[in-house]
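The structure under discussion appears below in the form of structure tokens.
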Amino acid sequence: MNYTPLPNPQTYYAQVWSHVRQVPPGKVVTYGQIAQMIPPPADIDPQDYKAFSPRWVGEAMAASPANVPWQRVINAQGKISQRPGAEKQRHLLEEEGIPFVKDKVDLNRFQWRGPGHEDEPRQASLF
DNA sequence: CGCTTGACCGGAA
DNA sequence: ATTCCGGCCAAGC
């Protein structure tokens with residue numbers, strides 16, 4: 001297949017950081033979710049992008065500047081990816097009020113829905 | 001240059 | 001539920 005590298009990885013990483021910075025405290029996103037927010041670069045096959053973009057997001061996190069809340073990015077299973085420093089990430093999230101059950105976060109409740117759904121006030125039951 | 005590893009994900013055994 | 005595999009990029013040695 002076409003072995004096409006990203007035109008400019010640093011530019012892509014910058015887009016990743018830009019999205020991650022929008023995640024409010026108390027919410028989390030997944031690597032794949034961030035990847036889907038970014039349009040595939042023109043020289044990349046959409047199929048290839050879908051397959052590997054989550055890993056590129058992970059790479060961006062590894063190189064993230066200090067002003068990026070990297071701790072709010074977890075994997076699609078609601079867990080923290082194993083690596084040195086994983087406990088620190090969990091601690092930071094717990095400080096933001098995110099509970100862990102069996103080392104997992106309930107994505108149905110704490111996954112950020114994106115801009116416009118900042119804080120979705122649960123509609124009170126009408127009876 | 002060539003190989004290895006990695007903060008992923010979804011589908012298949 | 002768990003393990004394995006394909007995808008085929010980027011960075012380090």
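Lettering of chains follows the sequences in order, A, B, ..., and the numbering in each one begins at 1.
Taking atom CG of Asp45(A) as the reference point, atom C1' of dG6(C) lies 16 Å away to the nearest angstrom. Distance, Gln36(A) CD to dC8(B) P: 16 Å, rounded to whole Å. Distance CG (Leu107(A)) to P (dG10(B)): 11 Å, rounded to an integer number of Å. The interatomic distance linking Lys50(A) (NZ) with dG11(B) (P) rounds to 7 Å, in whole Å. For the pair Gln77(A) CD and dA1(C) P, the computed distance is 10 Å after rounding to whole Å. Taking atom CG of Asp103(A) as the reference point, atom P of dA1(C) lies 14 Å away to the nearest angstrom. Straight-line distance from the OH atom of Tyr13(A) to the C1' atom of dG6(B): 11 Å, rounded to whole Å.
Atom CD of Glu87(A) sits about 12.0 Å away from atom CG of Leu92(A), to the nearest 0.5 Å.
If you take atom P in dA7(B) and the same atom in dC13(C), they sit 14 Å apart, rounded to whole Å.
Among the nucleotides dC9(B), dA10(C), dC9(C), the one closest to any side-chain atom of Phe52(A) is dC9(C). For Trp70(A), the side-chain atoms get nearest to dA7(B) when compared with the rest of dA10(C), dG7(C), dA7(B).
Judged by distance alone, the side chains of Gln89(A) and Arg83(A) do bring a donor and an acceptor atom under 3.5 Å apart.
Donor-acceptor pairing under 3.5 Å, judged by distance alone, is present between the side chain of Glu59(A) and the base of dG6(B).
When heavy atoms are screened at a 4.0 angstrom cut-off, Ala62(A) is found touching base atoms of the nucleic acid.
The shortest side-chain heavy-atom distance between Arg72(A) and Val20(A) does not fall under the 4.5 Å cut-off.
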